[in-house]
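Step one of this worksheet: look at the structure below.
Note: hydrogens, waters and symmetry copies are ignored here, and every other heavy atom, side chains too, is used.
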Amino acid sequence: MPPAQTFFNSTSTASPFFQILDSAFLTILGPNPSIWEVASNSMFAFAHKAPVYVSDTNKVFFTSSNGGPPGMSDLNHSNVIGKISLMDVNTTLAANDSFINIPVMFSILPKTIQMTNGGTRPYNLSLLFVTSGCGSLLPSIALVDPKAPNNVSILLDNFFGQQFNSLNDIKVHPSGKLFFTNSE
């Protein structure tokens with residue numbers, strides 16, 4: 001049996017809590033931070049990775065799990081990109097201090113983008129995602145328009161002709177260069 005996993009909690013604060021290692025972080029969180037679950041679905045891992053906030057729409061986009069039943073994805077079914085309205089979150093939280101469940105809206109993407117995995121901040125006004133590919137569709141770096149009909153542009157699906165294995169995460173450097181991981 002593996003040893004129990006322990007987490008650093010120097011204050012023995014009850015879970016959930018914010019682990020603050022630099023007091024400057026309090027200028028972001030404010031004096032009384034709180035944690036709220038704003039959307040849930042016990043049968044579907046709809047918010048697994050790649051949270052991206054788009055200020056123009058005041059929505060947060062995210063991807064479902066792309067690994068089998070929890071994400072409802074397989075060789076013939078890609079995972080999905082969901083979004084929630086932060087205006088809806090704020091309105092509901094202001095009116096209710098107990099359980100809330102904001103409706104999740106799902107974007108219908110063309111079949112050119114399969115198994116979205118990592119994502120990052122808007123890049124040239126588009127969402128930037130990496131995919132692990134599926135079947136004959138190669139892993140890729142893709143731009144997705146956050147507004148319907150969510151047009152997709154594949155930026156890259158190989159390195160000098162060599163197919164990627166499975167792209168996982170992506171970040172935009174302040175210089176505008178893209179950094180991403182390619183799993184073995």
Side-chain angles (χ1 to χ4, degrees), residues 35-89 100-184:
I35 297 172
W36 286 86
E37 180 179 279
V38 297
S40 64
N41 183 330
S42 63
M43 304 303 291
F44 177 37
F46 68 91
H48 179 69
K49 284 187 83 172
V52 180
Y53 173 67
V54 178
S55 60
D56 291 351
T57 63
N58 201 25
K59 291 183 173 59
V60 174
F61 291 76
F62 41 83
T63 65
S64 66
S65 174
N66 69 357
M72 296 183 186
S73 59
D74 56 33
L75 185 60
N76 299 309
H77 303 93
S78 186
N79 66 335
V80 296
I81 294 178
K83 61 186 171 186
I84 59 170
S85 164
L86 291 188
M87 186 173 74
D88 291 350
V89 169
I100 65 170
N101 195 4
I102 302 300
V104 175
M105 300 160 278
F106 294 100
S107 299
I108 307 300
L109 299 180
K111 298 222 181 274
T112 55
I113 186 167
Q114 293 288 314
M115 300 301 183
T116 51
N117 207 353
T120 193
R121 67 178 173 88
Y123 183 75
N124 296 336
L125 303 177
S126 292
L127 305 170
L128 182 62
F129 290 112
V130 291
T131 73
S132 56
C134 187
S136 62
L137 288 171
L138 302 177
S140 63
I141 299 174
L143 290 175
V144 177
D145 187 335
K147 296 177 183 161
N150 303 109
N151 293 329
V152 172
S153 297
I154 303 299
L155 296 180
L156 187 65
D157 66 3
N158 71 82
F159 180 73
F160 293 106
Q162 179 67 41
Q163 174 182 327
F164 295 117
N165 291 321
S166 178
L167 299 179
N168 194 348
D169 287 305
I170 189 163
K171 293 294 174 205
V172 180
H173 187 270
S175 69
K177 293 179 181 175
L178 304 178
F179 289 82
F180 57 93
T181 59
N182 182 32
S183 306
E184 285 192 72

Heavy-atom side-chain contact between Val52 and Pro122 under 4.5 Å: yes
CA sep, side-chain torsions, deciding dist, call: Thr120, Leu178, side chain to side chain contact (heavy atoms under 4.5 Å, CB included): CA-CA 10 Å; Thr120 193; Leu178 304 178; over 6 Å; no
Contact list for residues 155-173, test salt bridge (charged side-chain N to carboxylate O under 4.0 Å, His left out), sequence neighbours left out: Lys49-Asp169
Short side-chain to backbone donor-acceptor contact, Ser78 and Met115, under 3.5 Å: yes
Side-chain heavy-atom pair Trp36, Val89 within 4.5 angstrom cut-off: no
For Leu137 against Gln114, the heavy-atom pair lying closest together: CD1-CG, 3.1 Å
Geometric class of the Phe44/Phe106 ring pair [parallel <30°, tilted 30-60°, perpendicular >60°]: tilted
N/O donor-acceptor pair under 3.5 Å between Asn165 side chain and Asn182 backbone: no
Donor-acceptor contacts, no H, no angles, side chain residues 140-153, under 3.5 Å, sequence neighbours left out:
{"unit_1": "Ser140", "atom_1": "OG", "unit_2": "Thr131", "atom_2": "OG1", "d": "3.1"}
{"unit_1": "Asp145", "atom_1": "OD1", "unit_2": "Lys147", "atom_2": "N", "d": "2.9"}
{"unit_1": "Asn150", "atom_1": "ND2", "unit_2": "Asp145", "atom_2": "O", "d": "2.9"}

Asn124 side-chain N/O to Ser126 backbone N/O, donor-acceptor pair under 3.5 Å: no
Value rounded to 0.5 Å, distance of CD1 in Ile102 from OG in Ser40: 10.5 Å
Atom CE of Met87 with >12 non-hydrogen neighbours under 6.0 angstrom: no
Considering all heavy atoms, the nearest Phe129-Leu127 contact: CE1-CB, 3.5 Å
Gly118 versus Ala50, closest heavy-atom pair with distance: C-CB, 3.6 Å
Nearest non-hydrogen partners of Phe61 and Ser107, listed with the distance: CE2-OG, 4.3 Å
Neighbour count >12 (heavy atoms, 6.0 Å) for atom CZ, Phe179: yes
CG on Asn117 to OG on Ser132, rounded to 0.5 Å: 5.0 Å
Distance in Å, Thr112 OG1 paired with Leu138 CG, rounded so as to fall on 0.5 Å steps: 12.0 Å
More than 12 heavy atoms from other groups under 6.0 Å of CG on Leu125: no
Residues forming a ring-ring contact (aromatic ring centres under 6.0 Å, His included) with Phe180, sequence neighbours excluded: Phe164
Test item: side-chain donor near acceptor, Thr116 and Asn79, under 3.5 Å: yes
Leu155 side, atom CG; Ile170 side, atom CD1 - distance, nearest 0.5 Å: 8.0 Å
